[in-house]
Number of protein chains: 2
Amino acid sequence: MAATVVATHERADAAERILRAAIALFRERGYHGSSMRTLARALRMEAASLYYHFASKQDILFAILDRTLDGLLDGVGRAVAAVDGPPARLRAAVRFHVLFHAHRQHEAFLSGSELRSLTQANLRLVLARRDEYERVFRGLLSVGARAGVFQVGDVRLTAMAILTMCTGVATWFSDRGRLAPESIADRYVEMILRSVTRHPKGSPS
Amino acid sequence: MAATVVATHERADAAERILRAAIALFRERGYHGSSMRTLARALRMEAASLYYHFASKQDILFAILDRTLDGLLDGVGRAVAAVDGPPARLRAAVRFHVLFHAHRQHEAFLSGSELRSLTQANLRLVLARRDEYERVFRGLLSVGARAGVFQVGDVRLTAMAILTMCTGVATWFSDRGRLAPESIADRYVEMILRSVTRHPKGSPS
DNA sequence: GTCTATACTGAGATAGAC
DNA sequence: GTCTATCTCAGTATAGAC
């Protein structure tokens with residue numbers, strides 16, 4: 001069991017290699033724009049060989065999104081649990097979300113853009129867990145608003161605004177760009193906390 | 001000439017009807033996930049008939065994105081020109097952007113999600129005009145920062161953050177949802193102005 | 001576990017009748 | 001301006017050898 005867990009960033013087994021190549025390909029051309037033949041070519045194998053590891057192209061997409069959600073739910077849980085109080089927790093959650101969307105950019109991008117390519121059954125599974133993730137952010141905003149440290153007109157809308165803003169990082173981030181993930185996260189955290197923090201002396205509007 | 005201009009929301013000629021059906025279809029299944037046969041079926045015609053109006057499926061996608069960019073560039077220009085001063089102008093630009101992404105939700109969504117489905121030549125044309133649009137927002141932030149009314153750590157990053165946050169409205173907005181476009185725009189304008197406005201008495205961070 | 005060969009379906013696009 | 005018929009190619013997936 002330990003061996004299979006370690007595999008993620010070390011000696012990748014065949015299924016791992018396939019998923020990684022699929023992430024890159026789907027990200028570049030989209031799910032429907034990518035063929036099993038093209039995916040196989042990137043891996044220097046024949047298309048038929050892919051079917052030994054995955055039952056279908058749809059299964060590959062689902063595996064990618066499912067693992068990405070594992071990472072998101074697990075990560076935000078740890079980040080939030082490590083600190084106390086609504087502002088620190090929101091900072092931690094936003095920071096994690098931005099870093100995840102920079103470091104695991106391609107899979108994170110797919111989790112937003114290829115939902116429509118899932119079968120109904122798979123979509124239900126993915127959406128249920130995505131809702132769970134969003135509830136974490138809504139929860140943080142609600143608690144902060146009730147405690148009087150946040151000023152949030154509409155919790156759901158604010159959560160969507162925060163999440164889509166940070167998720168967008170996956171669409172434009174570049175390894176070779178001007179800003180490192182840490183810098184982007186710092187700025188995003190600052191912007192977001194400014195926009196939800198209650199200002200004692202009269203806020204601009 | 002007047003007649004063709006009027007057509008957009010009235011008696012749609014064949015090309016118009018095709019574009020509108022394509023917007024709905026591409027939005028739902030993606031460009032590569034949509035076939036000319038399916039598009040034709042939605043219009044109750046045969047696939048071959050589409051080729052009388054458009055030379056290729058790619059031309060349909062390009063026409064959609066091109067027209068959407070017309071709307072964005074034209075609209076933001078008018079919105080910004082109507083008021084004075086960086087805060088009012090940023091408000092107007094954000095407001096327009098949000099309303100556009102709610103009212104013309106599907107085409108706006110495609111302009112973000114289907115760039116990768118364009119041919120290289122078409123992509124160049126679209127990206128050039130999208131850059132032009134983004135420059136409007138960067139310009140507003142720069143002017144406000146220099147005037148001392150905005151506090152913006154990084155103009156480019158802030159512009160990206162604002163735009164991706166507002167563009168995200170096209171991904172989740174629903175006609176039958178809880179909030180009207182106007183309400184969403186109001187809240188977004190408020191959040192964004194809070195996050196960029198310089199606070200004289202010491203800002204939270 | 002990967003291959004060759006292939007079944008079967010649907011894709012984009014064109015020709016030419018009406 | 002829309003149709004029927006069709007070309008050509010690429011798609012997902014399977015069978016069965018090695």
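Below, chains carry the letters A, B, ... as their sequence lines are ordered, and counting in each starts from 1.
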Interatomic distance, B/H32 NE2 vs C/dG12 C1' [rounded to whole Å]: 12 Å

Proximal nucleotide (of C/dG12, D/dT4, D/dT12) relative to the A/Y51 side chain: D/dT12

Interatomic distance, A/R41 CZ vs C/dC3 P [rounded to whole Å]: 14 Å

d(CG, B/L43; C1', D/dC3) in whole Å: 15 Å

Residue whose nearest DNA chain C nucleotide is more 5′ - A/R44 or A/R37: A/R44

Separation of C/dA11 C1' from B/L25 CG (nearest whole Å): 14 Å

d(NZ, B/K57; C1', C/dA11) in whole Å: 8 Å

Between P of D/dT14 and CG of A/L50, the distance in whole Å: 13 Å

Ionic contact status for A/R135 with A/D131, cut-off 4.0 Å: no

Working for side-chain hydrogen bond (donor to acceptor under 3.5 Å, both in side chains), residues B/E46 and B/S49: CA-CA 6 Å; B/E46 293 303 313; B/S49 306; over 6 Å; no

A/F26 and A/Y31 aromatic ring geometry - parallel, tilted or perpendicular at 30°/60° bounds: perpendicular

A/R116 atom CZ, over 12 foreign heavy atoms within 6.0 Å: yes

Phosphate OP1/OP2 of C/dA11: any B/S35 side-chain N/O under 4.0 Å: yes

Below 4.0 Å: OP1/OP2 of D/dT2 and any side-chain N or O of B/Y52: no

Nucleotide of C/dG12, D/dT12, C/dC3 approaching A/M36 most closely (side-chain heavy atoms): D/dT12

Nearest to side-chain heavy atoms of B/A48, which nucleotide of C/dA11, D/dT2, D/dA5: D/dA5

A/I18 CD1 - C/dG1 C1' separation (whole Å): 10 Å

Residue A/R29 excluded, over 12 heavy atoms near CZ under 6.0 Å: no

Length of the line joining A/D59:CG and D/dA13:P, which is rounded to integer Å: 9 Å

Which nucleotide in C/dC3, D/dT2, C/dG1 has an atom nearest any side-chain atom of A/H53: C/dG1

Sugar-phosphate only, base, or nothing, as touched by A/S49 at under 4.0 Å among non-hydrogen atoms: base

